[in-house]
Amino acid sequence: MSTQSCVLLVLGAGLSRRFGEDDKLAALLDDRHLAQHVLHIVKTLPWQQKRVVSRLKGAWHEAYDQAGFQRLINPSPERGLGSSLALGITGLPPQARVLICLADMPFITPAHLMGLCAASEAEPHLVFATSAPSYRGPPAVFPVDSLLKLSPEGEMGARSLIRTAQLLSCPTHETIDIDDAANLKAAIQAIRK
């Protein structure tokens, strides 16, 4: 299966400023923590390695530990997404490929992730990202050597690479991420329909 050729990296160390004081990834979406929805999706697939970048404490961490993820703790999440990316690829060879998922995207599907990995397997030197009518971003597959050129500071992350990425489309509802309480409420309503 194509996902076996990729390292999986789930990013979950953000400060969730728009969500308020609470850790949004620990918020309940239906019957599980928000971060566990992505876990439920990705754990059905075989990966070369499984990594998650998190903050020091989180109610959702144990589930990732039990699923065999290497948990990398970002001690300075205020430095931005770049710091989580740099930490997440630590020690990986430049020729490796990494599929990056965000822990706050509960509706992405295994089929879409497999499609991204298959496209990357055919052209391993290119970046492949997700697109929908008003969306371009992760999940995305990157050659590690392209990520090594990025700044480990700030919120830009891999946006410069995604701007020129090859795109794999998916339905708009799969690209929903939870940034604030209103997003969470809408996601709960969508799940219960």
Side-chain angles (χ1 to χ4, degrees), residues 1-3 5-20 24-25 27-30 32-45 47 52-53 80-82 84-85 88 97-143 146-147 149-151 154-193:
M1 186 176 286
S2 57
T3 56
S5 67
C6 289
V7 174
L8 171 64
L9 175 58
V10 177
L11 298 179
L15 294 177
S16 310
R17 290 185 179 102
R18 286 178 278 177
F19 198 78
K24 75 173 176 182
L25 297 178
L28 289 179
L29 176 56
D30 207 22
R32 59 174 75 110
H33 297 297
L34 174 57
Q36 291 174 330
H37 284 267
V38 171
L39 174 61
H40 184 72
I41 293 160
V42 299
K43 75 179 186 180
T44 64
L45 301 169
W47 301 95
V52 59
V53 177
L81 185 57
S84 288
L85 278 174
R97 289 175 296 115
V98 178
L99 184 136
I100 295 176
C101 282
L102 304 181
D104 65 354
M105 292 182 78
F107 301 121
I108 207 71
T109 64
H112 183 69
L113 300 179
M114 287 189 289
L116 285 166
C117 289
S120 175
E121 199 168 46
E123 298 187 81
H125 60 287
L126 297 178
V127 174
F128 289 86
T130 299
S131 73
S134 59
Y135 181 81
R136 175 192 287 242
V141 182
F142 302 87
S146 67
L147 294 173
K149 298 171 186 168
L150 299 175
S151 170
E155 285 300 328
M156 290 306 290
R159 285 185 195 154
S160 61
L161 299 175
I162 286 180
R163 276 191 217 110
T164 59
Q166 305 299 305
L167 300 175
L168 194 70
S169 65
C170 75
T172 299
H173 74 275
E174 290 183 24
T175 64
I176 292 170
D177 66 337
I178 310 300
D179 286 327
D180 55 35
N183 295 153
L184 181 62
K185 184 177 179 181
I188 290 169
Q189 291 171 345
I191 265 183
R192 293 182 178 169
K193 282 185 181 177

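Residue numbers run from 1 in the order of the sequence given.
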Grab the two heavy atoms, one from [X] and one from [Y], that are nearest each other, plus how far apart they are.
X: L147; Y: A158; answer: CD2-CB, 4.2 Å
X: P106; Y: I41; answer: O-CD1, 3.4 Å
X: L116; Y: A140; answer: CD1-N, 4.3 Å
X: V127; Y: P143; answer: CG2-CD, 3.9 Å
X: H40; Y: K43; answer: O-CG, 3.8 Å

- [ ] List the steps, then state whether side-chain contact (heavy atoms from CB on, under 4.5 Å) holds for V10 with L39.
- [x] CA-CA 9 Å; V10 177; L39 174 61; over 6 Å; no
- [ ] Any pair with a residue in residues 105-120 that passes salt bridge (Lys or Arg N to Asp or Glu O under 4.0 Å), sequence neighbours left out, goes on the list, sorted by first then second residue, please.
- [x] none
- [ ] If a pair satisfies salt bridge (Lys or Arg N to Asp or Glu O under 4.0 Å) and one of its residues is in residues 133-142, list it, with sequence neighbours excluded.
- [x] none
Task: side-chain contact (heavy atoms from CB on, under 4.5 Å) involving P171 - partner list, sequence neighbours excluded - done: H173, E174
Task: Residues L99, V42; criterion side-chain contact (heavy atoms from CB on, under 4.5 Å); working and verdict - done: CA-CA 11 Å; L99 184 136; V42 299; 5.9 Å; no
TODO: Report yes if some heavy atom in the side chain of C117 is under 4.5 Å from a heavy atom in the side chain of W47; otherwise report no.
DONE: yes
Task: T3 and L8, any side-chain heavy atoms less than 4.5 Å apart - done: no
TODO: Look up atom CG in L9 and atom CZ in F142, then write down how far apart they are to the nearest 0.5 Å.
DONE: 10.0 Å
Which side-chain N or O atoms in residues 161-168 pair as donor and acceptor under 3.5 Å with protein atoms at least two apart or in another chain?
{"unit_1": "T164", "atom_1": "OG1", "unit_2": "L161", "atom_2": "O", "d": "3.4"}

- [ ] Using the side-chain contact (heavy atoms from CB on, under 4.5 Å) rule, take L102 and V38 through it: C-alpha gap first, then chi angles, then the decisive distance, then the call.
- [x] CA-CA 8 Å; L102 304 181; V38 171; over 6 Å; no
Under 3.5 Å, side-chain donor or acceptor atoms of residues 108-115 against the rest of the protein: list the pairs with distances, not counting sequence neighbours.
{"unit_1": "T109", "atom_1": "OG1", "unit_2": "H112", "atom_2": "N", "d": "3.2"}
{"unit_1": "H112", "atom_1": "NE2", "unit_2": "T130", "atom_2": "OG1", "d": "2.7"}

